[in-house]
Amino acid sequence: MRHCIQAAKNPFSIKRTIVRAAAMRLPYIDPADPKAFTTPEEKAIVARVRGRRAPRPLQPLDLTLLHSPAIADGWNSFLGAIRTKTSLPDDVREVAICRVAVINQAWYEWAHHAPLAKAGGVNEEALALLEQPDLGGKKGSEVLSQKLWAVVDYTDAMTRDVAVKDAVFQKLREHFSEQEVVEVTATVSRPNATFDARQIRGEMHADSHVAGCRL
């Protein structure tokens, strides 16, 4: 069992905490094993995944998904498109991802994307609001623009309820083009799908906030 210990001085972490990753349900594949990838197509897939991750090494999720190279390849292409190829501004993309992280209590994902949201123009007051799982009576607060509230409401509905009510969808359509609606939907789906895939690794959600721990 692995531990990541973080200090409260991090602005995106409320308190010192320990996050534990459960034992692997599948072993990681060893890219250095000559028997792991035997065809030119499989080797090309590994190269593409490495290329997107660079300068970081292959991540644990990669080493799990690469048991099925075709799935890993599709996943890699999808994630790359979400991160770098949509027309969405940074604040919209990162607010959506941050809300999925909060609802799923995936604080390692929050720790990575909250600073990206801030860099994209989301201020600390707005981040503090977004970090609350239950927004309750805070809906419509001027801390977020109406455009970002439309993203938050849509993201929460997709993540919690799966089926999105017409009123929530219509609110999104008031602020986004057809292309952008597709891109927002895919952006919300991406972290949700990532959390589902991580069940293969047996990861546990944190009981409290964590910053900077990419499991």
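When a residue number appears, it is its place in the shown sequence, counting from 1.
In this structure, K118 and N123 have side chains that are not in contact, with every pair of non-hydrogen atoms separated by 4.5 Å or more. With contacts defined as side-chain heavy-atom distances shorter than 4.5 Å, the pair E131/W107 qualifies.
For the 3.5 Å distance criterion, the side chains of S87 and E183 qualify, holding a donor opposite an acceptor. With no hydrogens or angles considered, no side-chain donor-acceptor pair links N76 and R48 at under 3.5 Å.
A donor-acceptor pair is defined here as one N or O able to donate and one able to accept, closer than 3.5 Å; no such pair exists between the side chain of W75 and the backbone of L65. Without hydrogens or angle criteria, D161 side chain to A163 main chain gives no donor-acceptor distance under 3.5 Å. With hydrogens and angles ignored, the 3.5 Å screen pairs no side-chain donor or acceptor of H67 with any backbone N or O of L26. In terms of modelled atom types and a separation under 3.5 Å, the side chain of R173 and the main chain of F176 share a donor-acceptor contact.
Pairing each heavy atom of V164 with each of A157, the nearest pair is CG2-CB, 4.1 Å. Of all heavy-atom pairs between L66 and F37, the closest is O-CE2, 3.6 Å. Of all non-hydrogen atoms in P31 and L58, the two that sit nearest each other are CG-CD1, 3.7 Å.
Geometrically, K171 does not engage Y154 in a cation-pi contact defined by less than 6.0 Å to the ring centre and at most 45° from the axis.
The distance from atom CG of L88 to atom CD of E94, rounded to the nearest 0.5 Å, is 10.5 Å. Expressed to the nearest 0.5 Å, how far CZ of R83 lies from CG of L116 amounts to 6.0 Å.
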**OP:** With salt bridge (Lys or Arg N to Asp or Glu O under 4.0 Å) as the test, would you mind laying out the steps for E109 and R190 before giving the verdict?
**Re:** CA-CA 12 Å; E109 194 82 6; R190 194 286 298 171; 3.0 Å; yes
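Within a 6.0 Å sphere centred on CG of D166, heavy atoms belonging to other residues, nucleotides or ligands number 12 at most.
Checking T159, D156, T155, N104 one by one against R99, the side chain to side chain donor-acceptor pair (under 3.5 Å) holds for a single residue, D156.
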